[in-house]
Visitor: 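Questions regarding the structure given below will be posed in turn.
Each ligand, and each atom within it, is numbered from 1 in the order the structure gives.
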Amino acid sequence: MTDIIQLLPDHVANQIAAGEVVQRPASVVKELLENAIDAEADEIKLIIKDAGKTLVQVIDNGKGMSVTDARLSFERHATSKIKSAEDLFQLNTKGFRGEALASIAAIAHVELKTKRPNDELGTAIEIEGSTVKSQEVIVTPTGTSVAVKNLFFNIPARRNFLKSDTVELRHITDEFHRVALAHPNIAFAFYHNGSELFNLPKENYRQRVVHIFGSKTNEKLVPVEEETEVLKISGFVGKPEYSKKTRMEQFFFVNQRFIKSPYLNHAISAAFEGLLKNGYHASYFLNLTVDPKTIDINIHPTKTEIKFDDEHTLYAILRSSVKHSLGQFNIAPVLDFEHQDQFNTPYSYKDKVGKTPTIEVDRSFNPFADDASVSRGSSNSNSSKTSFKSAPTANWESLYVGLESKTNHKQEDKLDVNFEKELTTETIFSDASVETSKTTFQLQQKYIVSTLKSGMLIIDQNRAHQRVLYESFLKHITIKQATSQQLLFPLQLSFAPNEINIISDLKEDLEHTGFVFSDVKKETITITGVPVGVPESEVTIILEQLISDVENDVPDANFSAADLLAKSMAKSLAIKNGQVLNNTEQEHLVNSLFACKEPNVSPSNRPTFITMSTDDIEKKFM
Ligand code: ADP
Ligand code: MG
């Protein structure tokens with residue numbers, strides 16, 4: 001038998017290795033920006049075309065390279081940043097693997113121009129798929145410019161795998177944010193297809209955060225400062241009332257390197273405990289400084305995870321300093337000492353006024369009357385909660401009592417009334433309208449129950465309404481003729497620049513649903529019309545939900561902005577669980593659901609209703 005193992009040709013090995021470093025244009029952006037920072041530049045320019053698919057270029061004013069270094073920089077494992085394995089444990093640079101330029105050169109067309117401060121002339125090198133095409137002496141400013149063109153030109157499969165420009169640009173913007181936030185003392189500019197997205201001067205940290213996330217961010221920042229032997233913390237957390245549905249504004253930097261750490265994130269959540277509404281996340285921009293010897297950065301190929309020697313201590317310090325800051329700024333109800341949770345008032349109760357308990361007396365109750373319906377009076381006597389209880393014929397209803405939600409008393413009252421209404425109308429009247437009012441009822445303010453010829457139908461009110469709204473929005477967006485209602489006063493809303501970008505991308509589709517934008521600026525949008533039926537008070541919520549959905553969605557190949565928009569708006573506007581519906585509303589919802597094209601599932605593909613046949617029910621009684 002012949003031997004079967006052979007060494008891979010260099011260019012194949014290079015391409016495989018490159019795949020680990022470069023997944024998408026944003027990876028190139030990250031590597032080039034980091035190289036510029038390691039070169040001690042204090043002005044860095046990022047230029048992108050077609051979301052990086054055509055061009056990613058980074059120009060810095062750093063220390064440049066000699067002719068030999070310029071050539072060597074493209075070799076694999078060629079680095080000026082570490083010399084021995086020990087150096088790995090005292091890293092002061094972003095890079096150290098010496099792989100980035102080699103990887104990028106394996107899968108793109110690269111043009112490097114570089115000059116050191118004391119050299120008269122610089123060097124230009126062109127490389128295509130790891131092959132050097134040209135090298136010359138040129139006149140060029142001090143510093144380095146690396147232009148990466150036609151990424152993945154020689155790996156069509158990977159090129160096809162890239163997402164839409166919108167998505168790729170978002171990844172690039174994320175990387176840019178991370179690097180720019182970690183280095184406020186460096187000036188950054190960022191251009192996409194010729195237009196300027198960011199122009200950040202050298203500034204302090206607060207100014208940097210505000211420049212990136214919009215001027216309204218300023219008022220929401222609470223400083224966090226702490227210095228202990230093992231850890232220095234500086235930065236900001238966002239006030240709880242400005243918390244967001246997205247996790248977009250959560251940043252940890254360790255020794256000026258962006259990291260992801262679910263564990264440390266938990267420390268922040270713990271500090272915010274009781275201050276945030278359900279589903280909302282705290283914003284934070286925190287710089288942690290630790291001895292490089294106590295961390296291991298080598299754990300992850302793209303280096304956003306690191307290992308700490310003593311995570312528990314960091315957790316404790318972080319949690320208590322954030323808590324302390326929130327307390328100092330009068331935000332937290334309880335300060336830094338140990339406390340029992342049950343004494344804390346939940347934040348959502350902050351503005352609520354205490355309610356005096358009342359005793360309800362049924363004034364019309366007559367123990368000598370034997371006909372209960374007389375005392376119950378007309379069917380719409382909403383306030384007569386107790387009359388329900390006094391009705392001796394209503395015994396069967398007690399079956400339901402235990403099922404009622406105990407949390408919302410107001411709604412509980414209404415629910416009682418609903419039952420009573422049905423019962424009363426049934427016994428007193430017998431005209432046709434009563435017949436229909438009997439066909440549905442609401443269970444636990446969550447389900448609508450209706451009878452079928454063959455059994456019973458249970459509809460999830462929230463999902464059903466999402467389906468109805470989703471199909472209607474989608475129709476409006478596609479046929480482009482929704483009606484809008486004009487607002488009396490234009491509504492001005494502020495967002496972070498990248499949030500504005502998301503809204504501008506969807507502007508046209510939003511307009512087809514009925515939104516009218518009079519102005520979209522860098523940080524504010526002005527709305528003069530909203531879709532018919534959308535309350536003005538919901539507009540912010542809709543747009544925030546939309547931004548969060550776009551951010552969290554990992555759009556696939558058949559990603560459609562219209563679909564996402566329709567889903568998101570349906571989610572924001574659909575009837576919620578816990579909302580009481582009267583009979584007409586219940587029936588209207590049932591009818592609209594079954595008029596849909598796909599009534600069976602919600603927009604996120606979950607069942608909208610279940611049925612139970614008489615057989616099923618009979619089996620249960622066996
Ligand atoms: P690493 O950053 O891990 O060392 P790279 O492949 O990114 O590996 O870069 C290889 C080497 O090229 C670096 O160690 C550095 O000496 C040099 N280099 C890369 N980019 C620049 C730049 N913008 N300015 C100066 N030198 C650079
Ligand atoms: Mg590098």
Side-chain angles (χ1 to χ4, degrees), residues 13-15 17-23 25-47 56-85 87-108 110-119 121-127 130 132 135 138 140-148 151 175-176 178-179 182-183 186-189 255-258 292 297-304 306:
N14 274 342
Q15 282 187 6
E20 300 226 325
V21 182
V22 184
Q23 281 99 34
S27 331
V28 176
V29 169
K30 174 176 192 273
E31 294 297 337
L32 296 186
L33 289 176
E34 291 190 345
N35 279 348
I37 290 164
D38 285 345
E40 290 157 19
D42 66 355
E43 277 174 29
I44 299 176
K45 215 184 267 181
L46 169 64
I47 300 166
V56 174
Q57 182 174 19
V58 170
I59 304 172
D60 69 54
N61 66 348
K63 61 186 175 195
M65 285 179 262
S66 69
V67 186
T68 322
D69 283 351
R71 190 67 183 253
L72 262 180
S73 68
F74 289 103
E75 294 296 320
R76 194 162 293 281
H77 307 303
T79 179
S80 57
K81 298 170 193 175
I82 56 171
K83 294 199 165 58
S84 66
D87 292 347
L88 273 176
F89 301 100
Q90 41 198 344
L91 279 172
N92 290 312
T93 53
K94 309 273 166 200
F96 57 87
R97 294 160 175 266
E99 279 182 315
L101 289 185
S103 299
I104 294 167
I107 49 170
V110 180
E111 290 170 24
L112 168 81
K113 290 180 190 164
T114 187
K115 183 181 93 65
R116 294 179 298 181
N118 295 329
D119 293 346
L121 294 167
T123 310
I125 295 178
E126 274 185 63
I127 296 195
S130 303
V132 178
Q135 173 170 346
I138 53 157
T140 181
T142 296
T144 304
S145 153
V146 182
V148 177
L151 190 66
E175 288 299 346
F176 178 80
R178 293 167 182 178
V179 175
H183 298 275
I186 297 177
F188 288 93
N255 298 354
Q256 296 194 298
R257 186 191 293 278
F258 172 80
I297 310 173
N298 213 352
I299 191 167
H300 195 270
T302 49
K303 295 167 278 175
T304 53
I306 62 177

Visitor: With a heavy-atom distance limit of 4.0 Å, tell me whether Thr79 approaches ligand 1 through its side chain, its backbone, both, or neither.
Guide: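 Near ligand 1, Thr79 shows its backbone as well as its side chain.
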Visitor: Looking only at side-chain N and O atoms, does Thr123 offer a donor or acceptor that is under 3.5 Å from a partner on Gln135?
Guide: no
Visitor: Just to check, does Lys63 reach to within less than 4.0 Å of ligand 1 when the distance is taken from its heavy atoms?
Guide: no
Visitor: Would you kindly say whether Asn61 and Lys45 are connected by a side-chain donor-acceptor distance under 3.5 Å?
Guide: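 No - no donor-acceptor pair under 3.5 Å links their side chains.
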Visitor: By number and element, which atoms of ligand 1 are closer than 4.0 Å to a non-hydrogen atom of Gly95?
Guide: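 Reading through ligand 1 atom by atom, the close ones are 2 (O), 3 (O).
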Visitor: Is there a polar contact, in the sense of an N or O pair closer than 3.5 Å, between Ala102 and ligand 1?
Guide: no
Visitor: Below 4.0 Å, non-hydrogen atoms only: which portion of Asp60 touches ligand 1? Side chain, backbone, both or neither.
Guide: side chain
Visitor: Check ligand 1 against Gly98 and write out every atom of the ligand that is under 4.0 Å from a heavy-atom position of the residue.
Guide: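 By the 4.0 Å cutoff, the relevant atoms are 1 (P), 3 (O), 4 (O), 6 (O), 8 (O).
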Visitor: When rounded to the nearest 0.5 angstrom, what distance separates CG in Asn255 from OG1 in Thr93?
Guide: 11.5 Å
Visitor: Between NE2 of His183 and CD of Gln256, what distance do you get to the nearest 0.5 Å?
Guide: 4.5 Å
Visitor: Could an N or O of ligand 1 be found under 3.5 Å from any N or O of Ala100, whether backbone or side chain?
Guide: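 It does: an N or O of Ala100 is found under 3.5 Å from an N or O of ligand 1.
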Visitor: I'd like to check whether Phe96 has a polar contact with ligand 1, where a contact means an N/O of the residue lying under 3.5 Å from an N/O of the ligand.
Guide: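 Among all N and O atoms of Phe96, at least one is under 3.5 Å from an N or O of ligand 1.
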Visitor: If we only consider heavy atoms of Lys81, is any one of them less than 4.0 Å away from an atom in ligand 1?
Guide: yes
Visitor: Under 3.5 Å, side chain of Lys113 to main-chain N/O of Ile59, donor-acceptor pair present?
Guide: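 No: the side chain of Lys113 does not pair with the backbone of Ile59.
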Visitor: Contact between Asn35 and Leu101 at the side-chain level, heavy atoms closer than 4.5 Å - yes or no?
Guide: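 Of all side-chain heavy-atom pairs linking Leu101 with Asn35, at least one is under 4.5 Å.
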Visitor: Which bit of Ala78 gets closer than 4.0 Å to ligand 1, counting heavy atoms only: side chain, backbone, both or neither?
Guide: backbone
Visitor: Check whether any N, O or S atom of Thr79 sits under 2.8 Å from the Mg ion (ligand 2).
Guide: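 No, since none of the N, O or S atoms of Thr79 sits under 2.8 Å from the Mg ion (ligand 2).
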Visitor: Is there a donor-acceptor pair closer than 3.5 Å between any side-chain N or O of Lys115 and the backbone N or O of Asp119?
Guide: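 Checked: pair present.
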Visitor: Can a donor-acceptor pair be found, under 3.5 Å and without considering hydrogens, that links the side chain of Thr114 to the backbone of Met65?
Guide: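 Answer holds: yes.
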